[in-house]
Amino acid sequence: MNFLTFTEWLAGAPEWFEGFPKWIQQFVFQIYQTFIYADRWKLFADGLQITFIVTIGALFLGIIIGLLIAIIRTSHDLSSKKPNFILRVFNTISNIYLTIIRGTPMMVQLLIMGFVIMVPETKFDTILCGIITLGINSGAYVAEIARSGIMSIDKGQMEAGRSLGFSYVSTMWHFIIPQAIKNILPALGNEMITLLKDTSLVSVIALRDVTKQAQNIVSITYQAYVPYISLAIIYLILVVGLTKLLGIFERRLRNSDH
Amino acid sequence: MITNETLIKVENLQKKFGETEVLKGINIEIKRGEVIVIIGPSGCGKSTFLRTLNLLEQPTGGSILFEGTDITDPKTNINIHRQKIGMVFQQFNLFPHMTVLKNMTIAPTKLLKMSKSEAEETAMKLLEKVGLADRANSYPSQLSGGQKQRVAIVRALTMQPDVMLFDEPTSALDPEMVGEVLEVMKSLAQDGMTMAIVTHEMGFAKEVADKIIFIDQGVIMEEGTPEEIFSNPKCPRLKDFLSKVL
């Protein structure tokens with residue numbers, strides 16, 4: 001049995017509860033229905049799991065794609081001589097990628113990936129599809145953030161690294177990227193928060209993330225108030241937690257600026 | 001200290017930025033142990049010339065033989081040769097996210113595969129020489145300009161270079177800090193280091209240089225010993241330049 005009416009529920013409630021005003025009774029009933037009845041909190045827990053997996057997966061994919069694109073674009077734009085053929089090809093591909101991803105809605109990208117390109121069947125494939133779509137999307141934004149970070153580093157740092165005998169790539173790795181990351185951390189944090197919230201869109205490819213689960217509960221109970229407000233509070237808690245984490249990380253990195 | 005061995009041989013070196021010709025065929029030979037000071041009006045190409053010597057600027061013509069290898073040849077692995085060419089910049093260019101010690105050990109440990117303890121020992125010895133051993137664990141932002149530049153010089157020395165290039169090393173310093181940096185460079189010259197220095201410090205040039213080169217409009221207008229250049233300049237542009245700076 002999935003559906004419980006208010007009168008049924010009230011009949012089962014302890015006697016002292018009957019003296020409470022009607023609206024409090026209604027409110028507690030809704031909370032009961034949303035979380036406790038038929039172990040519905042488990043739906044939220046399952047949904048959260050999906051949300052976490054997709055967020056973390058997409059985050060890593062996005063950062064890797066973003067850094068790669070940023071390095072290609074800055075190497076191309078800043079190279080003193082005419083960039084070589086391979087670099088020019090990569091740069092063109094990067095530009096096309098950025099234009100397409102930033103020029104179309106995330107929802108549309110999910111629909112295309114989910115129903116045209118990947119068409120996942122198993123649950124695992126669907127999660128993978130979600131991660132890849134969101135990662136590719138996030139990568140485009142991370143790329144521009146990372147590019148601004150790399151460009152913000154004085155070109156003297158590159159010259160200093162190169163003049164000691166480091167290759168272009170190791171100069172990037174040891175000297176430019178560590179400083180760039182420190183500079184872009186606030187913007188990157190912003191992108192992470194956006195990504196976390198954007199995972200709520202994966203329900204369109206039938207992934208049961210926490211948003212989808214809240215919708216499912218509403219479709220059973222026909223009461224939207226508590227599930228959706230709770231959903232908002234869940235996201236809020238996640239975002240506040242993430243912000244705190246980023247703050248700690250940022251302070252740690254800043255230790256070298258005295 | 002000058003030997004007969006040619007360390008760097010520059011032939012018909014040219015550099016264009018787009019349509020602008022900055023270097024119009026420079027020929028010069030630098031012997032091991034020689035100290036060369038490059039002077040000239042601003043915008044004459046002297047910094048560009050110095051920066052082509054380790055290919056921070058890619059020349060558009062001519063050749064640079066360093067220890068017998070043509071480093072302008074695209075097939076040459078420039079990274080190997082740069083290890084032997086130390087460079088000191090006007091803006092110091094220390095790595096701000098690393099301590100002084102780390103600034104000095106990263107290159108020898110990563111590139112020469114020196115052990116960490118050995119690299120730190122060498123670094124400390126060098127820091128002691130320039131009187132900055134107590135700042136080993138400071139970050140660059142905690143140092144004065146003069147201290148930063150002294151660290152930059154010894155950082156380049158950790159790679160045991162065969163030649164040191166100085167690109168206006170005292171131009172960004174407060175006047176009271178110029179002396180301490182020039183002192184370090186002077187003692188380096190006395191130790192027999194081959195040096196190519198772009199500077200506006202004429203007193204220093206007079207005292208330390210084995211040879212002075214006057215560059216103007218992308219060519220070497222005159223070269224000679226400090227004596228010849230300062231007491232008996234021949235070309236009118238040099239005379240004009242010296243009358244403004246001395």
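Just the heavy atoms: all of them, side chains too, but no hydrogens, waters or symmetry mates, feed the values below. In this text, all values refer to a predicted model and were calculated from it rather than measured experimentally. Protein chains get the first letters and strands the later ones, always in sequence-line order, with residue 1 at the start of each.
For Phe95(B), the parts lying under 4.5 angstrom from a heavy atom of chain A are both the backbone and the side chain. Only the backbone of Ile85(B) has a heavy atom closer than 4.5 Å to any heavy atom of chain A. Only the side chain of Lys110(B) comes within contact range of chain A, with heavy atoms under 4.5 Å apart. Contacts of Arg155(B) with chain A are made by both backbone and side-chain atoms, with heavy-atom separations under 4.5 Å. Residue Leu165(B) does not touch chain A at all, counting heavy-atom pairs closer than 4.5 Å.
Between Lys186(B) and Glu183(B), at least one side-chain N (NZ, or NE/NH1/NH2) sits under 4.0 Å from a carboxylate O, which counts as a salt bridge.
Of the possible polar contacts, none joining the Lys15(B) side chain to the Leu23(B) backbone as a donor-acceptor pair under 3.5 Å is found. Not a single donor-acceptor pair under 3.5 Å links the side chain of Ser203(A) to the backbone N or O of Ala206(A).
Within a 6.0 Å radius of CZ in Arg51(B), more than 12 heavy atoms belonging to other residues, nucleotides or ligands are found.
Note: Phe89(B) leads Phe89(B), Phe92(B), Phe17(B) in heavy-atom pairs under 4.5 Å with chain A.
A donor-acceptor pair shorter than 3.5 Å cannot be found between the side chains of Tyr141(A) and Thr194(A).
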